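Notes for the one structure printed next.
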Amino acid sequence: MAKEKNFLPDRRDDMPFVTIQIMEGRPPKKIKELIQNVTNTVSETLDSPKENIRVLVTEVPKTHWGIAGKPASEVRK
C-alpha cells in the first residue's frame, strides 16, 4: 500500500484570505480588534504565519442588509 503524504502547504503559498461582512456602524477600534482576533485564530488553527494572513472587513449599509424581508435600517429603529 502506498504511504499517504501529509499535506503541508509550501509556506510561500500559504496565504489564507478571510472575508467578513458586517453591518455598518461599529467603531474603528472594534474592527481593528476583529482583524487582530481573526488573524490570531487563523494563524493558530492553520499553523500559518500571521504575516501571510489577509483579512478583509466589508461594512454593509443598513439599507442594504435584509432582516426578515426588510432593510435593517427599518427593522432596527
Side-chain angles (χ1 to χ4, degrees):
M1 184 182 300
K3 188 175 178 182
E4 266 187 57
K5 289 171 64 175
N6 289 333
F7 176 74
L8 291 174
D10 184 336
R11 289 287 184 199
R12 293 170 291 163
D13 296 331
D14 184 23
M15 295 193 71
F17 189 93
V18 179
T19 59
I20 302 169
Q21 292 183 317
I22 60 173
M23 199 179 307
E24 69 180 352
R26 290 177 179 81
K29 181 179 177 182
K30 284 306 213 179
I31 295 173
K32 180 179 179 181
E33 186 178 339
L34 174 63
I35 291 169
Q36 290 171 341
N37 289 338
V38 168
T39 299
N40 289 338
T41 299
V42 170
S43 176
E44 291 171 14
T45 303
L46 299 181
D47 191 29
S48 181
K50 291 179 186 178
E51 296 78 24
N52 290 1
I53 299 169
R54 305 296 186 259
V55 178
L56 172 65
V57 178
T58 303
E59 290 188 282
V60 179
K62 293 177 183 178
T63 55
H64 291 60
W65 192 288
I67 300 173
K70 296 181 181 179
S73 58
E74 294 177 10
V75 174
R76 297 191 172 215
K77 285 185 178 180

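Computed from a predicted model, the values in this text were never measured in an experiment.
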Report task. Determine, step by step, whether V57 and R26 satisfy the side chain to side chain contact (heavy atoms under 4.5 Å, CB included) criterion, reporting the C-alpha distance in whole Å, the side-chain angles of both residues, the deciding distance to 0.1 Å, and the verdict. Result -> CA-CA 11 Å; V57 178; R26 290 177 179 81; over 6 Å; no
Query - Main-chain N/O of S48 paired to S43 side chain as donor or acceptor, under 3.5 Å - result: yes
Report task. Locate the shortest heavy-atom distance separating D14 from D47; write the atom from each residue and the value. Result -> OD2-O, 4.2 Å
Requested in this report: Taking all non-hydrogen atoms of both residues into account, name the closest pair between W65 and Q21 and its distance.
Outcome: CH2-O, 3.8 Å
Report yes if the side chains of [X] and [Y] come closer than 4.5 Å at any heavy-atom pair, otherwise no.
| X | Y | value |
| --- | --- | --- |
| T19 | T58 | no |
| I31 | E59 | yes |
| K30 | I22 | no |

Please round to the nearest 0.5 Å and tell me the distance separating atom [atom1] of [X] and atom [atom2] of [Y].
| X | Y | atom1 | atom2 | answer |
| --- | --- | --- | --- | --- |
| I53 | N40 | CD1 | CG | 8.0 Å |
| E24 | H64 | CD | NE2 | 9.5 Å |
| I35 | R54 | CD1 | CZ | 12.5 Å |

